[in-house]
Amino acid sequence: MAPTAVNPPRGSVLVLVGPSGVGKGTVIAQLRRRFPSVWCSVSATTREPRPGERDGEHYFFITPERFTELVDSGGMLEWAWVHETERYGTPREPVEERLAAGLPVVLEIDLQGARQVRETMPEAHFVFLAPPSRAELEARLRGRETESAQEIERRLRTAEVELDAIDEFDHVVVNDTVDSAATQLAHVLGLIQ
Ligand code: ADP
């Protein structure tokens, strides 16, 4: 077997945004089953780990001081306050490491985060995962049975704001079937022709 190239071509970054319940997690899981080299970025947070959460796997758990340091030094691709008490963000370094190794990276983030990545990593491919219809989005969100009725209503209102921003994206992928949506993401990442 040929030795690994010292300088492989840089990997691609795909930023995936879409309303809650559209199927982002499901489609990314399918993409990773088919292309195990795809890495889904892990967020950093200042909040305490919950039971069972492992550092570097679910989140990178970091101190508020470290978070501030990373933001000030350009080490966060995007970040936000959540509930005005804790900060969450995407550290740049683990993403850069994989790109330098020629590996594909997916960032599953929200609309505000994607707008920041437009500034911090403009070469990324920005993809909006859209539902086949609003009725189907609502059915998936309700069918998942992970949120209260009130929370579902809130997410559906947020979905309207997200759908209004669809024109900001380089690609729109409709999640009609999981496999066809995963294929389209693989195409954007250059994993298939
Ligand atoms: P998100 O990560 O965007 O919040 P999920 O991946 O949790 O969404 O998917 C929401 C629900 O929709 C889940 O119950 C999932 O099984 C279902 N789902 C996802 N993609 C499809 C699809 N293409 N067709 C039908 N159901 C889907």
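In listed order, ligands and their atoms are each counted from 1. Positions are given from 1, in the same order as the sequence printed here.
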**Item:** Option nearest atom 15 (C) of ligand 1 (shortest heavy-atom distance, choices V22, T26, D179, D176)
**Value:**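 Considering heavy atoms of V22, T26, D179, D176, the nearest to atom 15 (C) of ligand 1 sits in T26.
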**Request:** Determine, considering heavy atoms only, which of E147, R144, R142, R140 sits nearest to atom 21 (C) of ligand 1.
**Result:**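 Of the listed residues, R140 has the closest heavy atom.
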**Item:** Contact atoms of ligand 1, heavy-atom distance to S20 under 4.0 Å
**Value:**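 Counting atoms of ligand 1 from 1, those under 4.0 Å from S20 are 4 (O).
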**Prompt:** Hey, which atoms in ligand 1 end up nearer than 4.0 Å to a heavy atom of P19?
**Reply:** 3 (O)
I'd like to know if [X] and [Y] make a salt bridge, using a cut-off of under 4.0 Å between side-chain N and carboxylate O.
X    : Y    : answer
D170 : R118 : yes
E147 : R154 : no
R157 : E160 : no
R155 : E151 : yes

In terms of residue, atom name and distance, what is the protein heavy atom nearest to [atom]?
atom                    : value
atom 8 (O) of ligand 1  : G23 N, 3.1 Å
atom 2 (O) of ligand 1  : G25 N, 2.9 Å
atom 10 (C) of ligand 1 : G21 O, 3.3 Å
atom 23 (N) of ligand 1 : N175 OD1, 2.9 Å

**Request:** Using non-hydrogen atoms of the residue, decide whether A29 is closer than 4.0 angstrom to ligand 1.
**Result:** no
**Asked** Heavy-atom distance under 4.5 Å between the side chains of L99 and W39, does that happen here?
**Response**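 No; the side chains remain at least 4.5 Å from each other.
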**Prompt:** Quick one: does Q116's side chain get under 4.5 Å of M76's, heavy atoms only?
**Reply:** no
**Asked** For T46, which of E65, E86, R87 qualifies under side-chain hydrogen bond (donor to acceptor under 3.5 Å, both in side chains)?
**Response**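 With T46 as partner, E65, E86, R87 yield a single side-chain hydrogen bond (donor to acceptor under 3.5 Å, both in side chains), made by E86.
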**Asked** So which bit of T177 gets within less than 4.0 Å of ligand 1, heavy atoms only: side chain, backbone, both or neither?
**Response**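 Only the backbone of T177 comes within reach of ligand 1.
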**Prompt:** Which bit of A181 is near ligand 1, meaning a heavy atom under 4.0 Å away: side chain, backbone, both or neither?
**Reply:** neither
**K24 (side chain) donor-acceptor with L16 (main chain) under 3.5 angstrom** = no
